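We name chains A, B, ... by the order of the sequence lines, and we start the count at 1 in each one. Owing to the predicted nature of the structure, the values given are computational and were not obtained by experimental measurement.
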Amino acid sequence: MKKVGLIVRKELLDAVRDTRTFLLVVVTPLVLYPVLFVTMGYFMQTEKTKEEKAIYKVGIINPAFDLSLFTLIKKSSKFEVITGNEAILMFEKEKVKAVLEIMDSEPEEKIVIHYDGADKESQNAMKRISKIVSEYNESLVKNRISEYGLSTKILEPIVIEKKNIAPAKRMGGFMLGTLIPYLLIIISFSGAMHTALDITAGEKERKTIETLLVTNVKREEIVMGKMLSIFSISILTTASGLVGLVATLYSGFSFLTVGETFSVSIPWFSCILMLIVMLPLLWFFSSLLMTIGSASRTMKEAGTYGSYLSFFVIILAVFSVLRLTSPGWSLFFIPVLNTAVLQQQILIGEFSRLNSIITIVSSIIYALIVFSIAKTCFEKEEILFRS
Amino acid sequence: MIETENLTKIFRKGEKNEVIAVNNASFTVNDGEVFGLLGPNGAGKTTTLRMISTILRPTSGTAIVEGYNVTKEPDMVRKSIGFLTGQTKLYDRLTTRETLFYFGRLYNIPEEEIKGRIEEIASMLELNDALNSRVSTLSDGMKQKLSIGRAIIHTPKALVLDEPLTGLDILARRSVNEFIKYSKEQGKSVLFSTHVMSEAEEMCDRVAIIYKGKILDMGKKEELKEKYGKTTLEETFIELMRREDEESRSDS
């Protein structure tokens with residue numbers, strides 16, 4: 001074990017001095033992601049405000065067919081209204097964002113809203129006009145019913161009121177659960193990948209592996225030392241990722257929380273639990289990456305395999321973003337996805353003991369299986385010295 | 001002392017495709033002797049040295065290093081040898097001192113002892129000024145000196161040198177040459193592989209000529225030259241290869 005410790009110490013020292021590792025393990029999760037999320041949040045908030053304040057230029061064709069509706073739109077402070085005869089011409093020449101065409105067709109009046117589906121502002125203008133027309137339509141119906149001496153209540157025999165009983169904390173957990181576990185898994189995997197491939201395939205490419213193999217160290221000690229180094233780096237990346245994400249949330253500017261009326265936060269206890277359930281998955285990732293690195297001849301080859309692997313990891317993790325309905329216990333046998341779903345449940349504050357046990361035990365079993373493959377790869381000279 | 005007997009390595013790619021990299025190689029490297037394994041690229045030199053240093057497992061045959069069998073006691077063999085190759089293969093991000101310390105500790109040298117050993121090696125190889133510099137900043141010559149230091153940090157009894165002069169500039173070559181002479185004087189067995197005949201001419205006491213995995217002949221340089229009626233080792237080497245090729249053609 002003394003030599004395993006020596007190898008771990010050396011690999012970590014090497015990793016700390018490697019600028020790329022530093023960027024992936026510290027800068028990306030702690031600085032880059034928070035800056036990215038805050039910037040996204042800032043732009044989303046700005047866009048929202050801009051949309052609320054914007055005054056859209058809209059055209060109306062045949063206003064005389066319904067002067068009340070025309071007046072209603074003209075009086076609105078949200079529009080600059082012009083009249084015309086041809087919708088397309090008004091879009092091209094007058095640069096309107098939407099055109100309301102009132103058709104005089106009997107027995108009902110028909111309205112056409114022209115808009116440009118490829119223009120966000122045009123879509124927004126269409127939505128605003130639609131809302132005004134719907135309200136106007138509703139008031140017309142109510143007036144007609146009143147004219148017949150009936151109560152307007154007959155329009156709504158059943159009144160639906162939706163009440164969200166979820167407390168703010170639970171709602172916040174639900175909302176964060178959509179993206180945080182996914183992001184955390186991706187951050188951890190990418191952080192571990194560089195170190196794993198560098199100390200396996202990279203060492204083969206630089207031929208330092210022979211220098212190590214001729215020393216008085218057993219191969220299983222080398223494998224264990226390298227594995228523990230990758231595992232430590234992946235833990236560090238996950239912790240930095242978590243700190244970065246939490247810090248972004250507390251900043252109040254994250255895109256994850258834009259437009260929410262309640263504050264969104266993650267209790268520290270949940271953070272620790274999330275980190276604990278990640279450990280078997282991180283060991284699994286470390287073993288997978290070590291297998292790839294040991295079996296590859298060069299960093300380039302290992303990088304290609306690593307990219308394929310990260311594609312599968314992303315696919316599995318992305319299922320969690322879809323928020324599966326009542327995930328059954330069998331789902332917790334699926335690697336990567338099980339950890340993401342369990343973390344979602346931790347964030348809401350409701351996770352079953354059975355699901356947690358299945359996730360942790362199955363991930364440990366997968367990790368041990370892949371670790372034994374990694375060990376074999378490292379011990380088999382046909383694989384280690386493949387040319 | 002290094003002894004090999006019928007050392008063979010066969011690389012198999014699939015069931016039918018096999019390559020005999022080393023075929024029944026038998027030779028002995030005595031204490032205080034520099035023994036050269038000469039052959040062109042792909043002759044089986046590196047594979048032979050890798051089997052002796054336990055990186056590769058022999059398909060058949062044996063190699064005994066300082067009394068330890070490479071298959072049965074690989075740990076003891078590794079402890080007894082210093083392995084050095086031509087291309088400098090060190091960790092760029094470690095300093096000279098850290099490199100020597102790391103490898104020393106891997107050879108179980110106690111921490112208190114290793115510090116003294118580092119000083120000793122640094123003085124011997126003139127590495128004192130570079131002790132705190134990272135390997136990546138060292139010149140090729142300094143890197144090679146450090147590689148030598150790394151290979152002898154545990155005071156091995158035998159040295160296995162795989163084309164140690166390849167790609168080195170004149171200063172670095174000089175360091176390696178001096179190191180080999182010094183090791184010989186210290187009574188170590190030095191096994192040296194090269195494809196450059198002038199290196200063998202200069203350094204080796206005895207040589208073995210290896211071609212297509214087979215040792216064609218071995219002996220003292222002068223004896224071999226006389227045996228084949230040639231004036232240089234290079235001519236002897238070419239003559240032996242020519243004879244082997246002719247024999248192969250007539251066999252087939």
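Contact annotation for Leu213(A): both backbone and side-chain heavy atoms come within less than 4.5 Å of a heavy atom of chain B. Residue contact with chain B, scored on non-hydrogen atoms closer than 4.5 Å, involves the backbone and the side chain of Lys218(A) alike. For Tyr107(B), the parts sitting under 4.5 Å from any heavy atom of chain A are the backbone and the side chain alike. Contact of Arg150(B) with chain A is made through the side chain alone, with heavy-atom distances under 4.5 Å. Residue contact with chain B, scored on non-hydrogen atoms closer than 4.5 Å, involves the side chain of Glu203(A) exclusively.
Other residues, nucleotides and ligands place no more than 12 heavy atoms under 6.0 Å from the NZ atom of Lys375(A). Dense packing is recorded around CZ of Phe11(B), with more than 12 heavy atoms of other residues, nucleotides or ligands lying under 6.0 Å away. In the displayed structure, Glu126(B) atom CD is contacted under 6.0 Å by at most 12 heavy atoms of other residues, nucleotides or ligands.
For the pair Asp75(B) and Lys79(B), the salt-bridge criterion is not met [side-chain N within less than 4.0 Å of a carboxylate O]. Between Arg97(B) and Glu119(B) a salt bridge is recorded (basic side-chain N to carboxylate O distance below 4.0 Å). The pair Glu98(B)-Arg134(B) does not count as a salt bridge, with every side-chain nitrogen at least 4.0 angstrom from each carboxylate oxygen.
For Phe35(B) and Phe192(B), the ring centers sit 6.0 Å or farther from each other.
In terms of heavy-atom pairs under 4.5 Å with chain A, the best-connected choice from Thr54(B), Ile81(B), Leu94(B), Ile55(B) is Ile55(B). Comparing Asp18(A), Val217(A), Ile209(A) by heavy-atom pairs within less than 4.5 Å of chain B, the highest count is held by Asp18(A). Annotation: maximal heavy-atom pairing with chain A below 4.5 Å, among Val77(B), Val160(B), Leu56(B), occurs at Leu56(B). Your options are Thr208(A), Thr211(A), Ile7(A), and the one with the most heavy-atom pairs under 4.5 Å with chain B is Thr208(A).
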